[in-house]
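When reading the values below, keep in mind they use all heavy atoms of this one structure, side chains included, and skip hydrogens, waters and symmetry mates.
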Amino acid sequence: VSVGLFRDAERVLNENGVDLERSSSAFLYQSTPAVPVEASLEQQFAQVRQRLADLPTVEKVSQSHSPLQEFIRTVVVSGRTASQYPVYLKRIDHAYLGITGQSLALGRNFSAAEIQQGASVALVNTAFAQGLERDGGVLGTALSRGDGDTYTVVGVVDDLAYPGTAADSPRIYLPASEAGSNFIIK
């Protein structure tokens, strides 16, 4: 059953332009070392990322959740209208769009520096942008999740069907932590 679900999910993504050809996803578990480690978790994962990127057959590495992983359901509040919006959330880094082939419709992607600094920036999809503002002009809009953090929309990505959700489902992408243990390798 798992293989069939995976193939169905992969088919949905491929039909909608996500390029999973030669891509793999990995989740690394961090066990407690017997000997204290001087490097922070971020530094350790940066080393793993660099070692993966240095492999001769690897084109790109993203420290993001896989396109095959479900989005998290959450609610965000617009700083412009104070309205609440149910959305699907995924944590990604600056390399995610390049690996998946998802296109930017407006604005810009996250930068490597923003990921490293844990900047409070966000990408939204076109469907969510049009739900926030009829004309889709959402760049600079502040969105919060009720956890005290506010994110500024810096880009809008094209709508894309993901397994379990329609293409026009409202989505928000937030920066992944450099201490995150999810990797996509192409």
Side-chain angles (χ1 to χ4, degrees), residues 1-30 41 45 48-49 52 60-78 83-105 109-110 114-115 118-132 138 143-151 153-186:
V1 173
S2 294
V3 172
L5 290 174
F6 175 79
R7 286 188 180 141
D8 286 345
E10 187 177 35
R11 180 187 48 76
V12 167
L13 290 169
N14 285 334
E15 286 175 357
N16 287 284
V18 174
D19 179 15
L20 294 178
E21 188 70 29
R22 301 180 332 272
S23 294
S24 299
S25 180
F27 178 81
L28 305 179
Y29 291 94
Q30 176 74 13
L41 199 54
F45 282 129
V48 168
R49 183 183 183 137
L52 288 168
K60 298 177 186 175
V61 178
S62 173
Q63 202 166 345
S64 305
H65 289 140
S66 165
L68 295 171
Q69 286 178 292
E70 285 189 61
F71 282 73
I72 298 167
R73 291 182 181 191
T74 190
V75 174
V76 296
V77 178
S78 168
S83 298
Q84 293 186 350
Y85 297 89
V87 296
Y88 292 92
L89 166 76
K90 187 174 288 274
R91 296 246 179 213
I92 65 170
D93 72 358
H94 61 285
Y96 180 86
L97 298 181
I99 286 181
T100 62
Q102 191 168 2
S103 299
L104 206 58
N109 191 6
F110 301 145
E114 287 171 328
I115 298 298
S120 296
V121 291
L123 302 176
V124 298
N125 69 335
T126 302
F128 185 34
Q130 291 171 346
L132 286 167
V138 296
L143 300 172
S144 63
R145 293 184 55 209
D147 57 5
D149 292 332
T150 300
Y151 301 88
V153 176
V154 297
V156 178
V157 296
D158 289 333
D159 292 338
L160 194 62
Y162 280 91
T165 62
D168 62 353
S169 297
R171 293 195 184 85
I172 184 169
Y173 301 85
L174 300 178
S177 167
E178 286 198 312
S181 54
N182 291 285
F183 290 86
I184 305 169
I185 305 150
K186 185 169 188 132

S.K.: Once rounded to the nearest 0.5 Å, what's the spacing between atom CD1 of Ile172 and atom CZ of Arg145?
M.R.: 8.0 Å
S.K.: Using the side chain to side chain contact (heavy atoms under 4.5 Å, CB included) definition, which of the options Ile99, Ile92, Thr100 pairs with Ser64?
M.R.: Ile92
S.K.: Which pair of non-hydrogen atoms, one from Thr150 and one from Ser144, has the smallest distance, and what is that distance?
M.R.: OG1-CB, 3.9 Å
S.K.: Answer yes or no: is there a donor N or O on one side and an acceptor on the other, between the side chain of Asp159 and the main chain of Thr126, under 3.5 Å?
M.R.: yes
S.K.: What are the two closest non-hydrogen atoms of Ala127 and Asp168, and how far apart are they?
M.R.: CB-O, 3.2 Å
S.K.: Would you call Val156 and Asn125 a side-chain contact if the rule is heavy atoms closer than 4.5 Å?
M.R.: no
S.K.: Atom OG of Ser62 and atom NE2 of His94: how far apart are they, to the nearest 0.5 Å?
M.R.: 7.5 Å
S.K.: Looking at side-chain heavy atoms only, is the closest gap between Phe128 and Arg171 below 4.5 Å?
M.R.: no
S.K.: Could you state the interatomic distance from CG (Leu143) to CG (Asp149), rounded to the nearest 0.5 Å?
M.R.: 12.5 Å
S.K.: Strictly distance-based, threshold 3.5 Å: is any side-chain N or O of Arg91 a donor or acceptor partner for the main-chain N or O of Pro175?
M.R.: yes
S.K.: If the plane angle is over 60° it's perpendicular, under 30° parallel, otherwise tilted; pick one for Tyr173 and Tyr96.
M.R.: tilted
S.K.: To the nearest 0.5 Å, tell me how far Leu89 CG sits from Glu70 CD.
M.R.: 12.5 Å
S.K.: Nearest 0.5 Å please: distance from the CG atom of Asn109 over to the CG atom of Leu97.
M.R.: 4.5 Å
S.K.: Quick check: closest heavy atoms across Pro86 and Pro170, and the distance to 0.1 Å?
M.R.: O-CG, 3.4 Å
S.K.: Mind checking the CD1-NE2 spacing from Ile72 to His65? Nearest 0.5 Å is all I need.
M.R.: 6.5 Å
S.K.: Begin from the C-alpha positions of Tyr151 and Val76 and carry the test side chain to side chain contact (heavy atoms under 4.5 Å, CB included) through to its verdict.
M.R.: CA-CA 10 Å; Tyr151 301 88; Val76 296; over 6 Å; no
S.K.: For Lys60 and Gly98, work out which heavy atoms get closest and say how close.
M.R.: NZ-O, 3.3 Å
S.K.: Which heavy atom of Ala129 sits nearest a heavy atom of Val138, and at what distance?
M.R.: O-CG1, 3.4 Å
